[in-house]
Peer 1: 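Let me give you the structure first, and then I'll get to my questions.
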Amino acid sequence: MRIATWNINSLRARTERVVAFLDRHQVDVLALQEIKAKPAQLVLDPLLEAGYEVAAHGLNQWNGVALISRVGLADVRRELPAVPTWPEEPGGVVEARAISAVVGDGLRIWSLYVPNGREIDHPHYAYKLRWLEALRAEGARELAQDPAARAVLCGDFNVAPQDEDVWSMEFFEGRTHVTEPERAAFRAVVEAGYADLVRPEHPGPGVYTYWDYQALRFPKKEGMRIDFLLGSPAVQAATTGSFIDREERKGKGASDHAPVVVDVDL
DNA sequence: ATGACACCTCTCAGGTGA
């Protein structure tokens, strides 16, 4: 089974790119982030005609996640348990940043869009850390219930776990994505039992999944590795290969993120 | 070996992204 994650930066603006990507690589399950739409706003016919089912979760023009599968889509769950609201005060809402379903032969796949954090002294940064803790707790709960669980956490984690995951640590000095608390929150998810399925085959430096639209970051190879597929032990053991589809970042109308693809023998 | 921000909406300005 071939699974992928991709921050699409508006599904409505790039539905045809998604269909072409699924066809080009024969992807079975795709986790999308930043669909930037309510489900009712989406025109899904091209995906349905290509043989896929879609489960989308979006509340407004911000955030939004979806799962696209041609190997089943059962027991869909929206939101993470115990996730903080934004803002973290009365009147705050649970944003559309998580959706999961069971695909294929009992694989629970999550599509996750971790909050950006904005600036280190911004309330959004504390929200990001608590959101990651809610993810760790849910991941730990699943493996405590069944250590052999087939589970994969896919998405835009908005954390560069290592210095080599950004094009310049000098550039990111004092900015989010590279701070120790964010990295510790990411490591806590890994230490709960979810291994990076791509890094062993594609170590850095210079391996990225995101390039800013501005300042010629992509042709200058100035990117960040912030999109990950983290697998439970059963999924890690079944992983047979992976790649980052850099070609998809090229040309007019590209998302600023590239898809990340993993093959699992499940 | 790639291309000079781009998406959204309470739209021509502001919020968000990283």
Side-chain angles (χ1 to χ4, degrees), chain A residues 5-18 32-43 56-66 85-88 92-93 95-97 111-129 131-132 155-183 185-186 204 206-228 243-260:
Chain A
T5 187
W6 191 6
N7 180 319
I8 194 64
N9 186 21
S10 171
L11 178 52
R12 281 177 290 178
R14 270 177 267 286
T15 303
E16 293 309 321
R17 270 190 180 254
V18 170
L32 289 175
Q33 302 86 40
E34 283 210 87
I35 66 169
K36 291 189 169 180
K38 303 172 193 175
Q41 295 176 295
L42 301 171
V43 177
H57 180 33
L59 302 175
N60 49 42
Q61 70 270 44
W62 310 124
N63 317 311
V65 285
T85 63
W86 177 256
E88 293 188 277
V93 300
E95 297 183 302
R97 294 180 177 276
S111 181
L112 305 160
Y113 181 46
V114 177
N116 170 290
R118 300 184 187 171
E119 294 164 20
I120 294 172
D121 58 358
H122 194 285
H124 210 258
Y125 178 82
Y127 168 57
K128 176 181 193 173
L129 296 180
W131 201 97
L132 281 164
D156 176 357
F157 283 73
N158 269 322
V159 177
Q162 301 180 17
D163 287 356
E164 67 175 29
D165 296 333
V166 296
W167 62 276
S168 165
M169 278 301 290
E170 289 71 28
F171 180 85
F172 282 94
E173 176 69 31
R175 302 180 191 235
T176 60
H177 292 62
V178 299
T179 68
E180 182 48 33
E182 291 167 282
R183 289 178 170 178
F186 181 88
V207 176
Y208 305 129
T209 64
Y210 163 86
W211 300 260
D212 198 303
Y213 285 123
Q214 302 183 64
L216 285 171
R217 292 284 184 234
F218 182 60
K220 289 162 76 174
K221 304 184 189 305
E222 295 176 344
M224 309 173 74
R225 190 205 290 248
I226 54 176
D227 299 272
F228 300 96
F243 65 94
I244 298 165
D245 186 11
R246 280 189 77 260
E247 292 298 310
E248 187 52 59
R249 179 62 180 77
K250 298 179 182 176
K252 183 177 171 61
S255 169
D256 43 2
H257 294 249
V260 186

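Per chain, numbering begins at 1; letters A, B, ... match sequence-line order. Atom set for the values below is all heavy atoms of this structure, side chains included, hydrogens, waters and symmetry mates excluded.
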Peer 1: For dA6(B) and dA18(B), measure between their P atoms and round to the nearest Å.
Peer 2: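 dA6(B) and dA18(B) have their P atoms separated by 16 Å.
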Peer 1: I want to confirm an ordering. Mapping Pro115(A) and Ala13(A) to their closest nucleotides on DNA chain B, which one lands closer to the 5' end?
Peer 2: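 Looking at the nearest nucleotide for each, Ala13(A) comes out on the 5' side.
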Peer 1: Under 4.0 Å between a side-chain N or O of Arg12(A) and OP1 or OP2 of dT9(B)?
Peer 2: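 Yes, Arg12(A) has a side-chain N/O under 4.0 Å of OP1/OP2 on dT9(B).
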Peer 1: Given Asn158(A), which of His177(A), Glu182(A), Met224(A) fulfils the side chain to side chain contact (heavy atoms under 4.5 Å, CB included) condition?
Peer 2: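 That would be His177(A); it is the only one of His177(A), Glu182(A), Met224(A) passing the side chain to side chain contact (heavy atoms under 4.5 Å, CB included) with Asn158(A).
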Peer 1: In whole Å, measure the gap between the C1' atoms of dC10(B) and dG15(B) for me.
Peer 2: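 The same atom, C1', in both gives a distance of 12 Å.
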Peer 1: Reckon Asn9(A) has a side-chain N or O less than 4.0 Å from the OP1 or OP2 of dA6(B)?
Peer 2: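 Answer no for this pair, as no side-chain N or O of Asn9(A) is under 4.0 Å from OP1 or OP2.
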Peer 1: What residues from residues 214-228 of chain A pass a heavy-atom cutoff of under 4.0 Å to DNA chain B?
Peer 2: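 Listed by number, they are Gln214(A), Ala215(A), Leu216(A), Phe218(A), Pro219(A), Met224(A).
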Peer 1: May I ask you to check whether Tyr127(A) and His124(A) place their ring centers less than 6.0 Å from one another?
Peer 2: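 Yes; His124(A) has its ring centre under 6.0 Å from that of Tyr127(A).
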Peer 1: Choose from dC8(B), dG17(B), dA18(B) the nucleotide whose nearest atom is closest to any side-chain atom of His124(A).
Peer 2: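 When the side chain of His124(A) is considered, dG17(B) is the closest of dC8(B), dG17(B), dA18(B).
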Peer 1: For dC7(B) versus dT11(B), give the span between their C1' atoms, rounded off to a whole number of Å.
Peer 2: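 The answer is 13 Å between these two C1' atoms.
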Peer 1: Which label fits dC12(B), syn or anti, where anti is any glycosidic angle not within 90° of 0?
Peer 2: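 Base orientation: anti.
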Peer 1: Specify the separation, in whole Å, of atom NE2 of His257(A) and atom C1' of dA6(B).
Peer 2: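 About 12 Å, once rounded to whole Å.
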Peer 1: Between dA18(B), dC8(B), dT2(B), which nucleotide has the shortest distance from any of its atoms to the side chain of Lys250(A)?
Peer 2: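 Between dA18(B), dC8(B), dT2(B), the one nearest the side chain of Lys250(A) would be dT2(B).
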Peer 1: Can Arg175(A) be said to sit on top of Phe171(A)'s aromatic six-ring, NZ or CZ under 6.0 Å from centre and within 45° of the ring axis?
Peer 2: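 Yes, a cation-pi geometry.
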Peer 1: For Asn158(A) and dA18(B), is the shortest distance between a side-chain N/O and OP1 or OP2 below 4.0 Å?
Peer 2: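 Yes, Asn158(A) has a side-chain N/O under 4.0 Å of OP1/OP2 on dA18(B).
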Peer 1: Send over the distance from Leu59(A) CG to dT16(B) P, rounded to a whole Å.
Peer 2: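 These atoms are roughly 16 Å apart.
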Peer 1: Tyr213(A) OH to dC8(B) C1': how many Å, rounded?
Peer 2: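 In whole Å, dC8(B) C1' lies 12 Å from Tyr213(A) OH.
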Peer 1: Is it true that Ser111(A) and Gln33(A) share a donor-acceptor pair across their side chains at a distance under 3.5 Å?
Peer 2: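 Result is yes, a qualifying pair exists.
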Peer 1: Under 4.0 Å between any heavy atoms, over every strand shown, what does Gly251(A) touch: base, sugar-phosphate, or nothing? Just pick one.
Peer 2: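 Counting heavy atoms under 4.0 Å across all strands, the contact made by Gly251(A) is with sugar-phosphate only.
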Peer 1: Is a salt bridge present between Asp212(A) and Lys220(A), judged by a nitrogen-to-oxygen distance below 4.0 Å?
Peer 2: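 No, Asp212(A) and Lys220(A) are not salt-bridged.
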Peer 1: Please determine if a side-chain N or O atom of Thr176(A) lies less than 4.0 Å away from the OP1 or OP2 oxygen of dA18(B).
Peer 2: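 No, no such contact exists.
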Peer 1: How close or far is atom P of dA18(B) from atom NE2 of His122(A), stated in whole angstroms?
Peer 2: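 Rounded to whole Å, this separation is 14 Å.
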Peer 1: Output the rounded distance in Å from CZ (Phe186(A)) to P (dA18(B)).
Peer 2: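 Computing the Phe186(A):CZ to dA18(B):P distance gives 15 Å.
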Peer 1: Can you check the Glu119(A) CD to dT16(B) P distance for me, whole Å?
Peer 2: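 Spelled out: CD on Glu119(A) to P on dT16(B) is 11 Å.
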Peer 1: Grab the CG-P distance between Asp256(A) and dT16(B) for me, whole Å please.
Peer 2: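 The answer, rounded to whole Å, is 17 Å.
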Peer 1: Scan side-chain atoms only and decide if Glu34(A) and Asn9(A) contain a donor-acceptor pair under the 3.5 Å cut-off.
Peer 2: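 Distance-only check fails for Glu34(A) and Asn9(A).
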Peer 1: Which part of the nucleic acid, if any, lies within contact of Tyr113(A), taking any heavy atom under 4.0 Å across all strands shown: a base, the sugar-phosphate backbone alone, or nothing?
Peer 2: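 The answer is sugar-phosphate, as Tyr113(A) gets under 4.0 Å only of primed atoms, P, OP1 or OP2.
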Peer 1: Should the pair Phe218(A) and Trp211(A) be assigned to parallel (<30°), tilted (30 to 60°) or perpendicular (>60°) ring geometry?
Peer 2: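 Ring orientation, 0 to 90° scale: perpendicular.
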Peer 1: Name the closest nucleotide to the Gln41(A) side chain, picking from dG17(B), dT9(B), dC7(B).
Peer 2: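 The answer is dT9(B).
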Peer 1: Give Arg118(A) one of three labels, base, sugar-phosphate or nothing, depending on what nucleic acid heavy atoms sit under 4.0 Å from its own.
Peer 2: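 Since only primed, P, OP1 and OP2 atoms lie under 4.0 Å of Arg118(A), the category is sugar-phosphate.
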Peer 1: Charged N to carboxylate O below 4.0 Å: is that the case for Glu180(A) and Arg183(A)?
Peer 2: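 Looking at Glu180(A) and Arg183(A), the cut-off is not met.
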Peer 1: Please report, rounded to the nearest Å, how far the P atom of dA18(B) is from the CZ atom of Phe157(A).
Peer 2: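 Roughly 14 Å, once rounded to whole Å.
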